[in-house]
Every structure is written in C-alpha cells, then in structure tokens.
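Below: one structure, written as structure tokens.
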Amino acid sequence: MADILDLSALELRDAIAAGETSSVEATEAYLDEIESTDGRLGAFNEVYAERASERARSADSKRADGSAGELCGVPVAVKDVLCTPYGHTTCSSKILANFRAPYPATTVAKLEDAGAVILGKTNCDEFAMGSSTENSTRGPTRNPRDLDRVPGGSSGGSAAAVAACQCAAALGSDTGGSIRQPAAFCGIVGFKPTYGRVSRYGLVAYGSSLDAVGPMTRNVSDAALLTQVIAGKDPKDSTSLDEPVPDYLANIETPVESLRIGLPGEFFSDALDPEIAATIRKAADLYKKSLGAKIVDVSLPHSRIDRDGNGDLSSYAVACYYIVAMSEASSNLARYDGAHYGHRTPESGLDIVEMYSKTRAEGFGEEVKRRIMLGTYTLSAGYYDAYYNKAMKVRRLIKNDFDKAFEACDVLLCPVAPTTAFAIGEKSGDPLTMYLADIYTISVNLAGLPGIAIPAGLSKNALPIGMQLIGPLLSEEKLLRVARMFEKASACPS
Amino acid sequence: MIDTKDSVLPVIGLEIHVELATETKMFCRCRNRFGDQPNTNVCPLCIGMPGSLPVMNRKAVEYAMKVGLALNCTVAEFTKWDRKSYYYPDLPKNYQISQYDLPLCEHGFLDIPLKDGSTKKIRVLRAHLEEDAGKNVHDNPSHTAVDLNRAGVPLLEIVSEPDMHSVEEVMGYARSMHRLVRWLGVSEANMQMGHMRFEPNINLHISSSSRTCKTPIVEVKNLNSFRALERTVAYEIERQYSQWRADPDGYSIDKLGKQNRGYDDDLGRTVFQREKEEAHDYRYFPEPDLAAVTVSQEWRDGISSQIGELPLARRARYMKDYALSFKEADALTLDCPTGEMLDAAVAAGAKARRCANLLLGRGSAIANERRCAIAEIGVTAGQLAELAKMLDDGQINATAAAKVFDELTDSDDSPRAIAEAHCLLAVTDTGQIVAWVDEAVAANPRAVQDVKAGGKKQARAFGFLTGQVMQKSRGAAKPEEVQRLLRQKLGD
C-alpha cells in the first residue's frame, strides 16, 4: 500500500473499510503531518488532536460493527467559518477569537454522522473576505507549492491543507470564488454546489444570498463523495433546496454523451494571463479531440471584463457582486457588537454607542471594516436605488446570460482566476486589484450556479493552473462527470 | 380649551403592535411565553449567534392573515421579509426581520362604533409581521441587563390611515381592534403583559379667521394602556392648539418640524424626545435568509373560512333578532365565546331575553369579580338554556334562579338538580302556601289589622306579610300566587 497520506479520501475510506488500515492509523499520520508542517504553512487555526483520536477509535469500532458511514474514519478539515460545538469558531477574526458555538454547522454534523474525523479548523480571510488568506488575525497561510506565495482565498487554509496532505479532504465556503480560486492556486479540486444544494446552517454568514459550502479535495471523485454527504434539504435553512440528491459517485466514470462545451468569449480578453488562456484552450482541445465533445462559442455579455479610460479592468459582475456581498455583509456583521458574546473593548465607563464603536474598531480587521462601510453606504437612504437595487437588476441580467448560454451547451469551460498564485504581500495594499482576482468566479455565485475548479496544468514556473467548469442549476451530477472526464484523460497522455 | 371661533380638526393615525399568541416564536422554536425567568426561552437565533438562521412560523402568518381578512384587507399573493437595521442591545442581530415594501395585508378598514349608535370606517393602510425585540432591564444603576425571552415573538403591526378626528374615535378604534384580535383568538391582547402597544400620530388642521395651517405631526411611541393612549391624544390636541394659539400669526411649521414625543405617566403628558429628522436610516433590504412567501388562494380561503361572525355583525343581529338594547348586545359581544354560549342556549330552545338577563345579571357580576369573560365563569350553554326554560315555565322564580346560577359556576349538575337540592323549585302546592299564609296571618295580627284598616299603612303591611310567606317558602313560592292567596285570606 502507498503512503497513507497519499490516498484520496475515497481510497482511504475503502482501505479502512477493507481493514487494510485503520482510522486511528490515518488520523495519527495526519496529526503528525500537521504537527511537522503547519509551522511553515499556517493552514490550521486550531487542531483537535485529542478529539480526533477519540473519533478515530470510535470509527474503527463502528467499522468492526459493520455500521460504518460513507466517510467512516476519514480525517478531514473544515474552514474556520463553520461552527463546531467544540473548540473555537473564529472566522480568523479577533472579534470572535474566543467564541465557542453551542451548535454544529449542518455540514459538519453530516460529515461526522458519515463517520468523518474532524482534524481541525483551517485559516481563512477574516469572515471569508479576501482572495489570499492574508486578511487573517492568525497571519497568512502559505501556498505549499511555493511558500512565498498566497494559497488564494478566502478558503486558503483548506486548500493548502489538502494540497500539503495535512488532511484527506476539507470543506470550504464560496461567496465569490473562495473555494474555486484557492483550489486553482494550490492545484486541487474545489467545488461550489448550486446555491441551496448544501445547508448554510452554522456557516457564519458573509453574503447570505451568495454563500455556499463545498468540498476541497484531491480529485473529482472525492468532491463527489463529500458533496453526497453534505447535500440535501435542511429544515434549519429555509433557503436549502428540497430536491432529491442524486448518487454523484454512481456514474462518475461514465463519460457524458454528445457533450457540448461552451467557451464564454468575454472570459478570454487581455485581462487573462496568456499562459492560463493557452492552458484552457488546450483543455478545450482535449475535450474535443480525445473526448468527442463539441466546442461552442457562447457569450456572457454582462460578465464582460473591460478596461476603463485608465486601462484598469472593470466588470459589471464585479461591481454587482461587491455591492450585493458588502450590503449583506454590513448587515450580517452588525451582530458583532460586544453586547452578547465575542470580543468587547476592555475600556470601561463608555456609553453604549462608544462601547459598540470601540469594540468593533478593535475587533475587525481593515478589509472587513472596508466592506462594512461600503455595504452600509450602498444600503443607505438615497443610495439604495442607485446601488443595491441596480445591482439586483444586473444580477438578473447576469443570470439570464447563463440561462441563454446553457441553451447552446451543457457546461461552460473558462479560467478560475486571471493569474496563478501571486506573492504574499503583492496585492494586499491594493484592494481593487485584489477584488479582480474574482472576476471569473463571482458571476457563478450571483447566478447561484454550481462551479468546479480542477487542475488543468502547470505554468512555466511550476505553479498550478486551474480551469473552471460551470453548469446549470442542480447539474452537479453531470458537472462532476464532465470534470472527471478531463481529469482522467489528462492523467493518461494520449 | 379650544376657542369656538377657531375650527380645529385633529388628524390622528394609529399604529398598533399586537403580539400574536403562537406557541413558539416567529423564526425559531423557542416558547412564546410572558413572565418566565429571564433568558430561559432563548436559543442561538434569539441571541443572534453567528451561523444561526431563521425559519418562518407558518402559524404566525396564518394569524396575521386572519386579522388582515377580518379587517377587509387584501392579502398579498406574494410577500417577503426585509431587514430593518438599528443598533440596540435588546436586538442582538442589530437588525429586525420585518416587512417593508410588500406587507402581508394592505388596504382594509375597521368599522368603529360612535356614541350616537352609528359606525365609522377607519381605513387600515397595512398590517405586516415582524419579530419583537427583547427587553432592556434598567433595575441596577451600574449596568443594564437584557432579557431576550421576548426577542423573536411574532408581532403584527397594524397601521391606520389618519382617519380619526377625536379622542373618542381613537379610543373606539383601539378598543375595537383589541376586541377583534381577542375575538379571532390570535392574541390574548393583555395590556399588562405588553401584548398590545399603541403609537399615535397626531396633528391639527386649524382654520381661523386669518388663515389655515397644519401643526407638525407628532408621533408618540410605545403606549401600553388605553388610559395612556387617551391621555396622550387629549394632551397633544390641547398642547398643539395652545402652541399655535400663543402666536397664530408667527406660527410656522418649518420652525417646529416633526417630533417624536414620549408619554410620561406620572405627569400625564407627553415630553419631547427627538426631531423626526434625526430619525434612523433603517437601511431596509430583502432578508436573504428567508424564502419569499406565496399565499395560495386555497391557503387564504382556508383561513378565511375560520373567521366566523365578527363583533359588529353579531351585535347588530342581537339587537334585531333578540330584541336586545345596544348596551346589552354590546356587553354580550365583548368576546366571542359569550355570544356563542348565548346562541347555543337559544338553539337549545331557550328564550334569548331570559338568557340575556341571566348572563347580564349574575353572569356579568360574577365575571367582573373574577376578571374574566362571562363565558368563562363555568356555566355551560346547556345549563343556561335549562335554567332559562325553568324561569319561563314558572318552575323557578327570578330570585331562586339567581341562586341556582351562582351554584352552576362550580357545578356540572343540572339547574333542576341544584334547585331541588336547595329547595328552590317553585312551590306549586296551593295547600302548602295556604298553610304558610295562615301561619303568617296568625303570627302578625298588627299587620293584618293595618291591611284591613286600609289607608297609608296598607301597602307596606301587605308587602310585609307577603315577605313572611316568601321567607317560609325559602323563596320558592311564586310571589303572585302568595299575594293572591293572602288577599283571599284577608278578604274573608
């Protein structure tokens, strides 16, 4: 048997089920790996070594009883925006540094019910706001492919942990690309399911109408496996969809017949790194030549990326996204005021308003404050129609573009991010440039669609390049199969 | 006082907040109950913890629809939730889930009774659902405590048009609304428990010989008794008039501006709180955590069919069909079950007049003592019907019936059984009454003499002898029969 850390989640589950190894053995191996590598990497905010070992023993005895679940004994990590009734749930923020949730997120509970062993919580941009995992009170996470570079964000800790074999798989959250972009930067698979396919209960809200929980894994089959476990209607989340969950793994190896792949022209402008553009075109070629797919040109006019008079990039989708996300964020984060839980300013003798402002000034980082301020502004009387209402209209148009595109194709193929992983510190002083790291992913959240990032190749300097496949609402099953077709074909050179 | 030379029209609108009596809160499954230990009916959602999500209580929507339909409102086919943002410790999320531009109910009216017996339509602009806030408790000088038991309790906000022009109309509207929500069974509307709170908007349209003008609109927040509402409206009319009167020519609305005022119960008047221009910007936007609500025809019709006869209609029916006075009919329609009891007794064959007399006599007196509705004193419609029939058939007299009625409040026995057990059935045995008459006459020769002598003392003496016989029968003889036999005896 190969090194236990090299097994995918699915392989590890099967090996444990077959008695070839045990959950205890796997868990100890991962805990050792975290212990020896995380000082450099900074992927974890908190590790639950003792609890994980205990859960592993329990998984092994369950396996012996024959009552093993779909993830029996598999060690996983979850992003530190998902609540657990043990340890802290901090969102990498000072304001929640000591917050202990009395309840688990539905996704975490489902993982555990399926037998998974939660190793710990992974680092992220504060409240999932960022594209580099540099906006964290815990310090940045480093990209395991190049420690001087960012792992992407906001789910950078989960991406790095999966890429560095610190866990078999992980959960992330994706509001504007926060699963897919770090997956691309770290060379792993990141899957954002349809909005509402997976419960948001216990996910600390950033942009409630955009937020989605999804898996970050070593391969497409693992993404299917984890999605299978976490998907489904949750009575605790009114926005979760009451639709049957298909068996995502059953036909994962079966290629999609007469597949039509759409290439959105707007996503291949000069904003895109030519090396990435070439990689995506090569992937399209592979689908066409080796897999018999038809490639069609489609258009997403409202997701177009332009250059303004100064040569700076701009996009309706980016503008729309930041208005919607920040408006919702300004409201979602209003609750962190020091009155009921979380950080409260140590200063005494303050009136209530001073207590609120001091607490929030001390507890939130720069980027979070920026987004709260912008969101408060866009919702204010007199600005609401010009910003929020206009953004809602643009959102509708973006959605319509996708609907139209899917009349001509089954899935869209496009880049995940305009660049490969950038250097730590390179963009942290320039928020607008940082926001453009999301240009190819945010439309998917605005439209509520499923999107998957999978490795497509390497750049000249050996950094991973990801590609994105986007499907219609609730097309997870097909989308995963299309992704698996490429994964399989690209692994065995023709 | 208002000078009769000036024409002053108060223009008053009223917002009424009604806490709905659902088992659980609006967006979580915590118990909705007043008076429990602080912070015992709370969950992560009530505390506004991260990751918690609201789930709509369908029953609360149904209760709100019921009120809306009873107020002749249009119930929206499509309605949604919005967040209203403001920072306050009793609102842990620092936003309230409410309804902004698409309320559940709109454009209805409530008929209110006026003193002269007529009714007036007060238009209802909208009725929307929201969650109540918790309570800040300031009983310790060093800190403020927060009780979140009330946080998330379903609250119906009913907003009237400014159609009221006097204290009487405001009180008629407030009391009619109070009666209606209790009638529909959607709220206990207990004022002491804060189940119903008022916010009047008041200004005056004044025409004098020189000019006409409008005073600035004053909004008074959070009034939780009828008394406070009445005093507030009366005080504001007077205050705004006096302010204008002090300088009618220099009076300018621009100088004054809209105001929020609070009611000071000790002073019995309103006090300035803030200019309305300083009012919050609530930054409403659609609540992304809740799905929009679609109200199907079927759902609405189902709720509609649960609404029976409403108070005003029932009162009119009692006046017409039962020949009751306005006052009697009104007293029997304060709540729904009392009228249902009356109607059931009538359906069982009793005469409405007899039943109404019993209910408004001893029934009303007992209900007052016990501070409950007449229907709640423990007498059933069947018992009421039987007692009324006994009265009608002369099997019992009114005095004895009152005694039986009192006994019925604690008994499941039939009125007949109670009357028998207490020897209260009318004595129809003439021989027995004749014997009592003989005894009374023998024992009271002076009275007999006075009767026979005629003159001033005659009536009183006759009454005395009647009383003696009634006493011997322990009230069970028919007084007319006693008097007939007494006259017969003394005429001998």
Side-chain angles (χ1 to χ4, degrees), chain A residues 81-83 89 91 93 95-96 99 101-106 127 196 199-205 207-211 234-240 324 327-328 330-342 352-353 355-357 375-384 388-389 392, chain B residues 26-29 39 42-58 80-97 100-101 133-134 136 138 142-148 151 277 279-293:
Chain A
V81 289
L82 290 165
C83 292
T89 302
C91 302
S93 178
I95 211 154
L96 286 178
F99 179 68
Y103 43 86
T106 297
F127 284 102
S199 169
R200 290 187 295 119
Y201 183 81
L203 164 70
V204 180
S208 309
S209 73
L210 304 158
D211 293 341
D234 179 5
K236 291 178 185 161
D237 175 2
S238 318
T239 62
S240 65
V324 172
S327 296
E328 291 180 3
S330 71
S331 164
N332 285 330
L333 273 65
R335 65 187 67 199
Y336 309 113
D337 61 6
H340 299 279
Y341 56 83
I352 185 78
V353 174
M355 190 280 276
Y356 285 155
S357 359
T376 303
Y377 177 78
T378 51
L379 287 178
S380 294
Y383 299 100
Y384 183 87
Y388 190 83
N389 243 357
M392 294 310 271
Chain B
M26 185 70 236
F27 297 113
C28 64
R29 301 289 80 88
N39 297 314
V42 298
C43 69
L45 188 83
C46 304
I47 306 169
M49 283 194 166
S52 61
L53 292 172
V55 177
M56 182 187 91
N57 182 344
R58 206 175 148 89
K80 67 175 175 67
W81 305 97
D82 298 279
R83 292 186 184 177
K84 176 182 181 178
S85 293
Y86 63 95
Y87 278 79
Y88 210 56
D90 66 7
L91 187 70
K93 301 189 298 295
N94 288 324
Y95 61 80
Q96 179 191 33
I97 304 177
Y100 183 51
D101 54 343
N136 284 0
H138 305 281
S142 70
H143 60 264
T144 296
V146 184
D147 177 7
L148 295 176
E277 275 66 24
H280 296 285
D281 176 359
Y282 289 119
R283 302 195 303 279
Y284 282 100
F285 80 103
E287 165 58 281
D289 286 335
L290 286 164
V293 184

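Because the structure is predicted, anything quoted here is derived from the model rather than measured.
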**Asked** Given the rule in the side chain to side chain contact (heavy atoms under 4.5 Å, CB included) test, do E287(B) and Y100(B) qualify, once you have shown the distances and angles that lead to the verdict?
**Response** CA-CA 10 Å; E287(B) 165 58 281; Y100(B) 183 51; over 6 Å; no
**Message:** Nearest 0.5 Å, please: how far is OH in Y384(A) from CG in D281(B)?
**Reply:** 12.0 Å
**Pairs of heavy atoms under 4.5 Å with chain A: top-ranked of Y284(B), Y95(B), F285(B)** = F285(B)
**Message:** Are P89(B) and Y356(A) packed together at the side-chain level, in the sense that at least one heavy-atom pair is separated by less than 4.5 angstrom?
**Reply:** yes
**Option from D211(A), D234(A), T239(A) for which side-chain hydrogen bond (donor to acceptor under 3.5 Å, both in side chains) with R200(A) holds** = T239(A)
**Message:** I want to check something: taking the side chain as every heavy atom from C-beta on, are F27(B) and D289(B) in contact at a cut-off of under 4.5 Å?
**Reply:** no
**Item:** Side chain, backbone, both or neither of A381(A) within contact of chain B (heavy atoms, under 4.5 Å)
**Value:** both
**Message:** When you compare the side chain of M49(B) with that of C83(A), does any pair of heavy atoms fall below 4.5 Å?
**Reply:** no
**Side chains of I97(B) and M26(B) in contact at under 4.5 Å (non-hydrogen atoms)** = no
**Residues in side-chain hydrogen bond (donor to acceptor under 3.5 Å, both in side chains) contact with S52(B), at least two apart in sequence or another chain** = none
**Complete:** If one checks every heavy atom of L148(B) against chain A at 4.5 Å, the contacting part turns out to be side chain
**Prompt:** Can the ring centroids of F127(A) and Y336(A) be said to lie less than 6.0 angstrom from one another?
**Reply:** yes
**Contact class of Y383(A) relative to chain B, heavy atoms under 4.5 angstrom** = neither
**Request:** Examine distances only and state if a side-chain atom of R335(A) and a backbone atom of N94(B) form a donor-acceptor pair shorter than 3.5 Å.
**Result:** no
**Approximate separation, where rounding is to 0.5 Å, of S93(A) OG and L333(A) CG** = 8.0 Å
**Request:** Could you tell me which of A339(A), S238(A), A334(A) has the largest number of non-hydrogen atom pairs under 4.5 Å with chain B?
**Result:** A334(A)
**Request:** Give the member of L210(A), L82(A), T376(A) that has the highest number of heavy-atom pairs under 4.5 Å with chain B.
**Result:** T376(A)
**Request:** Give, as side chain, backbone, both or neither, the part of Y341(A) having an atom under 4.5 angstrom from any heavy atom of chain B.
**Result:** side chain
**Contacts of residues 80-88 of chain B with chain A (heavy atom under 4.5 Å)** = R83(B), Y87(B), Y88(B)
**Request:** Heavy-atom pairs under 4.5 Å with chain B are the metric here; pick the option from T89(A), L379(A), D237(A) that has the most.
**Result:** L379(A)
**Asked** Which bit of N332(A) is near chain B, if near means a heavy-atom gap under 4.5 Å: side chain, backbone, both or neither?
**Response** both
**Prompt:** What part of T378(A) is in contact with chain B, defined as an atom under 4.5 angstrom from a non-hydrogen atom: side chain, backbone, both or neither?
**Reply:** neither
**Message:** Please classify the contact of I352(A) with chain B as side chain, backbone, both or neither, using a heavy-atom distance under 4.5 Å.
**Reply:** side chain
